[in-house]
Amino acid sequence: MEIFGIPHQAFLGQLLLGLVNGAFYAMLSLGLAVIFGLLGVVNFAHGALYMLGAFAAWIMLDKFGINYWFALVLAPLAVGAFGVVIERLFLKHLYKLDPLYGLLLTFGLALIVEGVFRELYGASGQTYPVPELLSGATNLGFMVLPNYRAWVVLVSLAVCLGTWFIIERTRLGAYLRAGTENAALVQTFGINVPMMVMLTYGAGAALAALAGVLAAPIIQVNPLMGSNLIIVVFAVVVIGGMGSILGSVVTGLALGLVEGMTRVFYPEASNIVVFVVMVLVLMVRPAGLFGKEA
Amino acid sequence: MNNSKKITRITYIALLALLLVAPFIGLYPVFVMKLLCFGLFACAFNLLLGFTGLLSFGHAAFFGSAAYVTGWFVKSQGWTPEIAILAGTVGAGLIGLVVGAVAIRRQGIYFAMITLAIAQMVYFFCLQAPFTGGEDGLQGVPRGSLFGMLSLQSDNAMYYFVVAVFVLCFQFISRIVNSPFGQVLKMIRENEPRAISLGYQVDRYKLLAFVLSAALAGLAGSLKTLVMGFATLSDVHWSMSGEVILMTLLGGVGTFFGPVMGAGIVISLQNLLADKVGSWVTVIIGVIFVLCVLAFRKGVVGELQAFRERRSAAALAGSKQT
């Protein structure tokens with residue numbers, strides 16, 4: 001059986017791969033959107049935090065024998081705490097300034113974190129085994145689906161939905177959204193805005209780290225895994241409309257699929273197709289697909 | 001005001017004299033040339049960030065693609081260096097025209113992210129295109145003979161050529177900034193809505209500034225290829241875009257000499273530390289970046305200028321009281 005002249009196994013395989021990549025794009029750009037929405041900071045360190053999450057899981061297993069399921073909770077907590085420290089030490093001082101300074105500061109932080117890990121662990125990758133429960137594959141009849149990849153897509157969708165729910169449908173989310181509109185006013189209602197901002201950055205960092213833990217069994221855990229991904233995620237954010245949560249999720253998944261399809265039909269362009277889409281979208285809608293015109 | 005202008009002029013003349021005699025007082029010419037190339041790159045970048053207020057995060061695309069174009073023309077086509085440099089510069093300017101036309105539709109961080117993303121396209125193009133040598137880049141690019149007559153093979157001949165180009169470009173940039181066109185750019189930086197309301201077609205000015213900056217960055221990349229004899233992927237990689245931002249920020253955004261100084265500090269640090277501390281260099285560069293943003297936003301030259309202004313203001317206040 002063939003689809004558009006491509007063996008359907010290869011076609012569906014790439015479709016799935018695209019969906020898995022899209023899940024990572026969605027989760028990472030979601031974290032970026034949340035941080036940008038409340039703090040007005042474009043978090044260039046997001047890739048480094050994702051890498052930290054993967055490394056944290058790997059170190060936990062390698063040094064302490066902590067398995068995947070605990071790492072899935074512990075690594076995001078650890079990286080989230082690290083995020084809180086970053087916010088307190090550095091970002092706090094920049095809120096009154098041009099947002100570009102936040103971008104530059106987090107870029108410097110990303111250099112530091114990546115440099116340290118490259119020095120400690122080298123540029124080559126570390127392998128992380130797929131947890132036993134999720135190893136193997138399910139035969140769906142028309143294709144063989146590796147269980148772990150299905151799990152990644154499911155978790156990512158659940159996380160995206162959960163984040164959307166918290167921000168759009170809960171009281172805490174209402175405070176967060178109000179805080180982005182007028183922090184001073186929200187403060188006068190007795191809500192501790194600096195604390196909220198701090199925890200938001202921590203939560204965004206934890207989201208990035210969670211994506212890192214999920215990625216660990218699929219890719220080689222290496223110090224540069226974040227910096228390679230972050231620029232694609234930036235493009236996703238620009239296409240989706242900066243700060244739009246729905247935009248991040250939908251665009252992330254869709255671009256993963258677009259990239260997968262490009263790999264089938266014209267592999268040479270698969271690395272740049274996301275950027276091509278970005279340019280095309282900007283021509284028509286400068287504010288992004290789901291963005292509001294500023 | 002007149003006094004400080006005089007000081008600046010004397011400083012420049014002294015620096016130029018130092019540049020001219022540098023090879024005779026034991027400074028390694030290739031190192032100084034590398035420094036000048038990156039200094040020019042940073043000046044070109046500063047034309048955009050410092051004087052127009054646009055933060056491009058993709059300037060490596062212009063620097064690197066011009067490096068490849070020049071390298072390829074000299075090595076594979078046997079062009080003379082001045083034509084190859086011109087080709088690299090024009091090529092970078094044309095890419096700048098396309099990138100700028102897309103990017104100036106948005107402002108601030110969006111602008112930065114869009115330039116970054118498009119620069120990444122250029123990177124992947126250079127990685128995969130048949131004439132760039134892929135992972136290895138272009139190695140062993142000959143320096144050739146200027147106008148087919150003057151051999152640049154010796155380090156000293158190349159050195160004076162680079163100094164000449166650098167000085168001319170530096171002059172050119174200060175001419176741009178001090179021209180009426182440059183005044184409009186500064187107005188856009190300070191208050192864009194006002195510039196629009198005064199009837200200036202802001203987008204055109206921004207685009208022209210972008211193209212000029214891209215072309216000059218390309219010129220720097222072209223020169224670098226001839227000096228070092230290679231063009232590689234690290235020239236187009238986005239970390240190079242980050243480096244040029246650091247150079248400009250460290251030296252002083254919006255000052256004339258700051259970017260050159262910043263380039264000098266970064267390149268010297270890399271040269272000095274690379275043997276001793278290995279890849280900790282990245283970490284050190286990152287720390288400097290963080291410190292610059294947190295505590296030191298005016299940069300070395302900017303802080304010096306502010307210090308001098310404060311002192312002369314204090315002196316003025318003092319003389320008024322007596």
Side-chain angles (χ1 to χ4, degrees), chain A residues 36 40-42 44 89-91 93-94 97-120 122-123 223 227-228 230-232 234-239 242 267-276 278-280 282-283 285-288 291 294, chain B residues 49 53-58 98-99 101-125 127-130 237-239 241-243 245-246 248-250 253 277-295 297:
Chain A
F36 178 76
V41 169
V42 178
F44 215 113
L89 279 181
F90 305 112
L91 290 171
H93 306 288
L94 298 175
L97 300 170
D98 193 308
L100 289 170
Y101 285 112
L103 177 76
L104 294 178
L105 181 103
T106 48
F107 173 68
L109 287 175
L111 284 183
I112 297 173
V113 172
E114 276 174 13
V116 167
F117 273 78
R118 206 162 61 204
E119 186 62 29
L120 294 179
S227 62
N228 295 333
I230 185 76
I231 300 177
V232 179
F234 275 173
V236 168
V237 167
V238 170
I239 298 168
M242 188 91 203
E268 290 82 4
S270 63
N271 283 324
I272 61 168
V273 67
V274 173
F275 307 117
V276 174
M278 182 192 78
V279 170
L280 293 177
L282 284 174
M283 302 270 193
R285 280 186 67 98
Chain B
L49 175 62
L54 298 173
L55 173 65
S56 155
F57 220 120
V98 177
V99 177
V102 176
I104 58 166
R105 298 165 70 91
R106 303 304 316 270
Q107 287 170 334
I109 34 176
Y110 302 91
F111 180 85
M113 288 163 70
I114 292 163
T115 46
L116 176 62
I118 303 180
Q120 193 70 357
M121 271 167 83
V122 176
Y123 172 81
F124 279 115
F125 177 79
L127 178 65
Q128 289 167 337
H237 193 250
W238 61 264
S239 53
S241 302
E243 239 165 64
I245 297 175
L246 175 64
T248 312
L249 197 66
L250 178 59
V253 176
V277 295
S279 51
W280 286 111
V281 172
T282 325
V283 180
I284 294 167
I285 298 273
V287 171
I288 299 176
F289 220 120
V290 169
L291 287 177
C292 272
V293 174
L294 279 182
R297 280 186 285 273

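Chain A is the first sequence line, chain B the second, and so forth, proteins listed ahead of strands; every chain is numbered from 1.
For a residue to count as touching a neighbouring chain, one of its non-hydrogen atoms must lie under 4.5 Å from one of that chain's; by this rule A/Thr106 does not touch chain B. Looking at A/Met283, the atoms closer than 4.5 Å to chain B (heavy atoms on both sides) sit in the backbone and in the side chain alike. Only the side chain of A/Val237 comes within contact range of chain B, judged by heavy atoms closer than 4.5 Å. Both the backbone and the side chain of A/Leu105 have a heavy atom closer than 4.5 Å to some heavy atom of chain B. Only the side chain of B/Ile245 comes within contact range of chain A, with at least one heavy atom under 4.5 Å from a heavy atom of that chain. For A/Leu103, the part lying near chain B is the side chain, with the backbone staying farther off; criterion is any non-hydrogen pair under 4.5 Å. Using a 4.5 Å cut-off between heavy atoms, A/Val42 touches chain B through its side chain atoms alone. If you measure heavy-atom distances from A/Phe107 to chain B, the contacts under 4.5 Å come from the side chain alone.
Contacts with chain A were tallied for B/Val287, B/Leu246, B/Val281; B/Val287 has the most, counting heavy-atom pairs under 4.5 Å. Residue with the most contacts toward chain A among B/Ile285, B/Val102, B/Val283: B/Val283 (heavy-atom pairs, distance under 4.5 Å). Counting heavy-atom pairs under 4.5 Å between each of A/Leu104, A/Val238, A/Asp98, A/Ile272 and chain B puts A/Leu104 at the top. Counting heavy-atom pairs closer than 4.5 Å to chain A, the top-ranked of the candidates B/Tyr123, B/Phe57, B/Phe125 is B/Phe57. With respect to chain B, the highest number of heavy-atom pairs below 4.5 Å among A/Pro99, A/Gly115, A/Gly108, A/Gly102 belongs to A/Gly108. Between chain A and the options B/Gln107, B/Arg297, B/Gln120, the largest number of non-hydrogen pairs under 4.5 Å is found for B/Arg297. Of the residues considered (B/Ala101, B/Ala119, B/Gly242, B/Ala112), B/Gly242 shows the highest number of contacts with chain A, using heavy-atom pairs under 4.5 Å.
Counting only heavy atoms from C-beta outward, the side chains of A/Val116 and B/Trp280 approach each other to under 4.5 Å. Inter-residue side-chain proximity for A/Met278 and B/Ile118 is flagged as met; some heavy-atom pair is nearer than 4.5 Å. A/Leu109 places none of its side-chain heavy atoms less than 4.5 Å from the side chain of B/Phe289.
Here the CG atom belonging to A/Leu100 is positioned 7.0 Å from the CD1 atom belonging to B/Ile109, to the nearest 0.5 angstrom. Between the CD1 atom of A/Ile231 and the CE atom of B/Met121 there is a distance of 13.5 Å, given to the nearest 0.5 Å. In this structure, A/Phe90 CZ and B/Leu291 CG are separated by 8.5 Å, a value rounded to the nearest 0.5 Å.
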Next on the checklist: side-chain contact (heavy atoms from CB on, under 4.5 Å), that's the test. Do B/Gln128 and A/Asn271 meet it? Break it down for me.
Outcome noted: CA-CA 10 Å; B/Gln128 289 167 337; A/Asn271 283 324; 3.5 Å; yes
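Within a 6.0 Å radius of OH in B/Tyr110, other residues, nucleotides and ligands contribute more than 12 heavy atoms.
Not counting sequence neighbours, the partners of B/Ile284 by the side chain to side chain contact (heavy atoms under 4.5 Å, CB included) test are B/Leu273, B/Val277, B/Ile288.
The aromatic rings of B/Trp238 and A/Phe44 sit tilted relative to each other, their planes meeting at an angle between 30° and 60°.
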